[in-house]
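Worksheet: one structure, shown below.
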Amino acid sequence: MKFASSYEPGEYESDIYAAWEYAGIFNPTTPTKPIDDDGDGVDDREEGNKKRNTYSIVMPPPNANGNLHIGHGLTVALEDSLTRYYRLRGDSAWYVPGADHAGFETWVVYEKFLEKQGHTRFEYDRNELYAKVWDFVAEQRGNMELQLRALGASCAWDDLTFTLDENVIDRVYTTFEKMWNDGLIYRGEKLVNYCPKHRTAFADIEVTHKDEPGTLWDIEYKLADDPEKALIVSTTRPETLFGDTAVAINPEDKRYKDLVGKKVKLPLTDRTIPIIADEHADPEYGTGVVKITPAHDFDDFEVGERHDLERIQVISESGKMINVPEKYYDLTTKECRKQVLKDLKEQGLLKDEHKITHSVAHCYKCDTVLEPMLKEQWFVDVEKLAKEAMKHIEADEIKFFPENKKKVLLNYYNNLRDWNISRQIPWGIAIPMFKKADEDATDEPDWIFDRRTNLKEIEKGGVRYVRDEDTFDTWFSSSHWPIICTNWTEENYNPYYPLNVMETGADLLFSWVSRMIMMGVYITGEVPFREVYMHGMVLDSKGQKMSKSKGNVINPMELVTKYGSDAFRLGIMRGRSAGMNQAFSENSVIAGRNLCNKLWNISRLIQTFVDDEDSELKNGISRGLPEVTTEDEGVSPVTTGANDPSREDAILGSFSYSTDNMGEDWICREINECLDQVEYDIKNYRFSEAVDTLYQTIWDKYADWFLESQKIFKNVGLLKTTLSTLLIALHPFAPFVTETIWQSLSWTEGFIATAKWPARLEYDPISAEEFENIRIIVSEVRGTLTALPGTNNAKKYKLLYDNDSLVEDNQFLIKTLTRVPAIDPLEGSPRGLRLALANHELYLDVPEKVVKEYKDTLTERILSVGRELDALNLRMENPNYVNRAPAHLVKETQDQIKEKEALISRLKTELELI
RNA sequence: GGACCCAUAGCUCAGUUGGCUAGAGCGUACGAUUCACAUUCGUAAGGUCGCAGGUUCAAGCCCUGCUGGGUCCACCA
């Protein structure tokens, strides 16, 4: 492959991905399913393959029916970077992709689709609907998978799991059966949050509470045996009074103490209901008297349980009034409220009304006000599960990123209520429970477990049973995700379980992560993952939450098309830390694209060096001095090792090298430090810092210093080695451009995606440190030239040195980096402008007139260094510091003082010269 | 009411176990540029680290209180 002059990601990305996929390199190298070739009945993986570490991570399954949003983009960037890193480290890396049937979400979409076609769900039975949605989703599924590929996700496609696959259903049924047998599942008539529009119940966690204005009405309930006396109750929902089965007052409330045990007449009806004492009534709120409607209010339900009250359901599942006097029957709750208020007013029972703000439960999908509804549902008794999970968490078997999520999760487990797992929608896994249909078979249980959910009706022991029509809450099956994706079974050893990490959005801590832990511990006895990394939300550029209604949604695919997949990945990771919601910045993506282009050009340059070297070798031309020397007559370019004959041997092997000058030693040191940092950062999930380190090493150090210096030296063996090292180190984060380059270079083999993570480079540390002096000199020259009056100073003034072997030996390098026209030894007395460098006698050959104009800058500089010196001296004057601070710090301070003092004296001399 | 998080340059954020003259990217200003890259190179300006105390030889970092912003949970008849 030939290098184009700029990197155009669109031209390479899909081919590169196809090549990876075709080569099968995303598949783990250790088998993921049991093998027993030697027939000894023991899983061979357990015996022989422990040499290779496994690294397992599963994808939080994106909705099979949708497109990826920017959150998925971040998810893939993070997870794939981890996967690729550990693959390079030599682990058997397994990134398991998934697709979610997204029960309720998809159902809502499908129901709208049905409505558009003029149909409703009630025209079909459950099995028909299931089949229809299946087809509907199947059509869409490819989209999301293509988008994952475009993002570079190196997942094992053969193992893609759809949340309605047979093995998922099997696993869920097995668990459910175990729970049923363990007594953790019960059927209960409880109040559930019910959406009258979608006609399904929700778990507590799916409910959105919003503060809204409302009205609190005071209604008079007359005493049954003394119509002269009455209690005033306060309510926001007068229409539910038909369901009242008591009125409650606080036991401490002296105003009403005598009335407890008496009865009141329920307005608009003939019923009388008792007055009870219960803590629930708050004497401070309203009149301190509260009506109790156990069938339509969560608190009242509990009061009802305590006092054994009857539950009268007065609102139906379609949101209409039932079990009410004829006049109100079949009205909607809204109409009924109006009528009730009107009638109460006419009878003089409506005493007052107050405007208030209260929080109201809404459907998180359609925003309809949820109705607390009395329903028979399946519940999971979570207490034991939560307790077990907490034990493992408290034993620190899971490491949380960010750390504080551990506390938040434990707090959640402590306040957990039982989990309603029944949903009244067809798109999901059928609950494998059947209800007895023969009334007279009194000895048989009312409900039995059976896996044959494809049948509406079954027979067992001569008794007929009818299937429960409901499906599981999607989180019930999702909580098995790590178990299912790793093919964990009760029978087999599994090197991939627990997962190394669970990476997902911070908003899923309760709904998903908490349940995966409970389920993992319950089923396997082990936590399902060793670490949890939770990313925050990607906000829009102004820090606002993205939403369709606000119109500020950013489509990741558009960015991939515009800037490339790598640029998107690098950009979205930058500036992000665990658990924090952070604004999206297109500029960061642009910075990412620029890095890719930079790397491309770096590689292009190095390839030309390699090509030149190859053709020279081929033509039998021995390595000579750099051509730039011709301009500089009279100066002999003696550089360390440029002519070292031993190097000829070194560069013949494509990855062997030697370091021959300070810049080379220095870049080796910098690259090693970069590798240390990247390894540390990935281990600690500091993605942004890892990328930042690479960015700076590649750009500021490798390109701007090392490569510039290599324009003179051209140590080809080292260039090959260092470039390969940096490419591999960046590969986890920018897989496409690094692979494209890898495939274009003449000396690389195979895929970079399966290369070996680089070893540390060998170098001479003293020489590396020496190069820092060159950097300081060069920076000082550049800074001073810029600060001098006039333009184009770099071209005007020569650099003079006096008795300075460092400068003398490296004059070509310094000349190239500073662009001064010449570097000469100082002859005669000092002239020009002396540079403010300790230990170096360097002058810029500047006319006296210009030096004078520079005087102010110099004075300011002396003052500033003086201030720094004062601070240091102050520190040393403090006996406590000298005595108590670590010795090396004290020494460091002393050294700094010496340095500053020397610098000041030099600057002063310089000033005096002027 | 309970829990958690945040506050550092104009903007977005780093700052690892307390030890630099508090950093980066973007933006801004000035300058350069036939020789890999204008998706480039160099230089610079810009900060009382939200406020007030405390611990320490030493605090952006630890402790206490306050102010401002955000998130979640519970409750709201």
Side-chain angles (χ1 to χ4, degrees), chain A residues 3 5-7 204-205 209 211 214 216-217 233-237 248 280-282 285-293 297-300 356-360 402 404-405 407-408 411-412 415 506-507 509-510 536-537 541 543 563 567 574-577 579-585 587-588 590-591 593-609 628 680-681 684 686 688-689 692 695-696 703-704 707-708 711 779 782-787 791-795 817-819 864-865 867-868 871-872 875 878-886 888-890 892-893 896:
Chain A
F3 278 114
S5 74
S6 74
Y7 175 63
D204 299 339
I205 204 162
H209 289 275
D211 280 340
L216 189 63
W217 285 279
V233 304
S234 304
T235 181
T236 51
R237 303 204 56 190
H280 168 61
D282 176 1
Y285 193 93
T287 56
V289 186
V290 56
K291 67 199 235 358
I292 303 298
T293 323
D297 182 282
F298 288 97
D299 290 320
D300 292 2
I356 55 156
T357 303
H358 61 156
S359 101
V360 181
N404 69 300
K405 294 291 173 198
K407 266 197 275 178
V408 178
N411 185 47
Y412 173 74
N415 302 304
D507 51 331
L509 180 65
F510 298 151
M537 228 185 301
S541 57
Y563 300 112
R574 173 165 277 199
R576 224 160 270 283
S577 53
M580 294 279 297
N581 296 345
Q582 252 138 33
F584 174 80
S585 144
N587 273 335
S588 295
I590 291 172
R593 179 208 48 186
N594 294 354
L595 178 65
C596 293
N597 191 60
K598 188 75 184 176
L599 194 62
W600 180 260
N601 279 294
I602 287 169
S603 307
R604 204 151 69 97
L605 176 66
I606 292 176
Q607 185 61 56
T608 63
F609 290 168
V628 284
Y680 171 86
D681 286 338
N684 293 285
R686 296 156 50 95
S688 180
E689 290 80 357
D692 236 48
Y695 188 99
Q696 274 166 36
D704 290 347
L707 269 192
E708 286 306 316
K711 285 178 177 170
S779 296
R782 283 172 174 170
T784 309
L785 286 171
T786 314
T791 59
N792 250 332
N793 289 329
K795 281 185 177 167
L817 295 174
T818 58
R819 300 178 182 232
S864 135
V865 177
R867 281 192 294 270
E868 288 162 16
L872 291 171
R875 201 182 293 170
N878 180 346
N880 283 325
Y881 174 73
V882 181
N883 295 331
R884 296 196 203 177
H888 73 273
L889 284 172
V890 177
E892 215 172 273
T893 309
Q896 278 174 358

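Letters A, B, ... are given to chains in the order of the sequence lines, protein chains preceding strands, and every chain is numbered from 1. Quantities reported herein were computed from a predicted structural model and do not represent experimental measurements.
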*For nucleotides 4-17 of chain B, read 5' to 3', which letter fits each nucleotide if B means a protein heavy atom sits under 4.0 Å from the base, S means only the sugar-phosphate is that close, and - means neither?*
SS-------SSSB-
_Integer angstrom distance from the P of B:rC72 to that of B:rG10_ = 30 Å
_Proximal nucleotide (of B:rG25, B:rC41, B:rU43) relative to the A:Lys598 side chain_ = B:rC41
*Give one of base, sugar-phosphate or nothing for A:Pro402, where a contact means two heavy atoms less than 4.0 Å apart.*
nothing
*Pick base, sugar-phosphate or nothing for A:Arg593, based on heavy-atom distances below 4.0 Å to the nucleic acid.*
base
*From the options B:rG19, B:rA36, B:rU39, select the nucleotide whose nearest atom is closest to the side chain of A:Ala885.*
B:rG19
*Would you mind pulling out the nucleotide paired to B:rG53, Watson-Crick or G-U wobble, both distances under 3.5 Å?*
B:rC63
*Complementary nucleotide for B:rA3 - Watson-Crick or wobble, under 3.5 Å*: B:rU71
*Identify whether any heavy atom of A:Leu216 sits under 4.0 Å from a base atom; if not, whether one sits that close to sugar-phosphate; answer base, sugar-phosphate or nothing.*
sugar-phosphate
*Looking across every strand, which nucleic acid part, if any, lies under 4.0 Å from A:Gln696 by heavy atom: base, sugar-phosphate, or nothing?*
sugar-phosphate
_Distance, rounded to the nearest Å, where A:Asn587 contributes CG and B:rU39 contributes P_ = 14 Å
*So what's B:rG18 paired with, Watson-Crick or G-U wobble, going by both distances under 3.5 Å?*
none
*In whole angstrom, give the distance that lies between atom NZ of A:Lys795 and atom C1' of B:rG31.*
12 Å
*Heavy atoms under 4.0 Å, any strand shown: does A:Asp704 hit a base, just sugar-phosphate, or nothing?*
sugar-phosphate
*asked:* On RNA chain B, does the nearest nucleotide to A:Phe298 precede the nearest nucleotide to A:Tyr695 from the 5' side, or the other way round? Give the residue.
replied: A:Tyr695
*Look at the side chain of A:Phe510 and decide which nucleotide, out of B:rA3, B:rA36, B:rC72, has an atom nearest to it.*
B:rC72
*Taking atom C1' in both B:rU48 and B:rA9, what distance in whole Å separates the two?*
13 Å
*Quick one: which of B:rU39, B:rA36, B:rG19 gets closest to the side chain of A:Leu707?*
B:rA36
_Could you identify the nucleotide paired to B:rA9, looking across every strand shown and requiring Watson-Crick or G-U wobble geometry with both distances under 3.5 Å?_
none
*If you pin A:Arg237 and A:Arg782 to their nearest nucleotides in RNA chain B, which one's is more 5'?*
A:Arg782
*Write down the distance between CZ (A:Arg819) and P (B:rC41), rounded to a whole number of angstrom.*
11 Å
*asked:* Distance check needed: B:rC41 C1' versus A:Leu605 CG, whole Å only.
replied: 14 Å
*Can A:Val290 and A:Tyr285 be said to form a side chain to side chain contact (heavy atoms under 4.5 Å, CB included), step by step?*
CA-CA 9 Å; A:Val290 56; A:Tyr285 193 93; over 6 Å; no
*Taking CG from A:Leu889 and P from B:rG18, how many angstroms apart are they, rounded to a whole number?*
14 Å
_Rounded distance (Å) that lies between atom P of B:rG25 and atom CG of A:Leu595_ = 12 Å
_Inter-nucleotide P distance (B:rA14, B:rG50), Å rounded_ = 14 Å
*Round to the nearest Å and state the distance from A:Asp300 atom CG to B:rC75 atom P.*
13 Å
*For A:Glu892 and B:rA58, what is the distance between atoms CD and C1' respectively, to the nearest whole Å?*
14 Å
*Is the shortest side-chain N/O distance from A:Arg875 to OP1 or OP2 of B:rU21 below 4.0 Å?*
yes
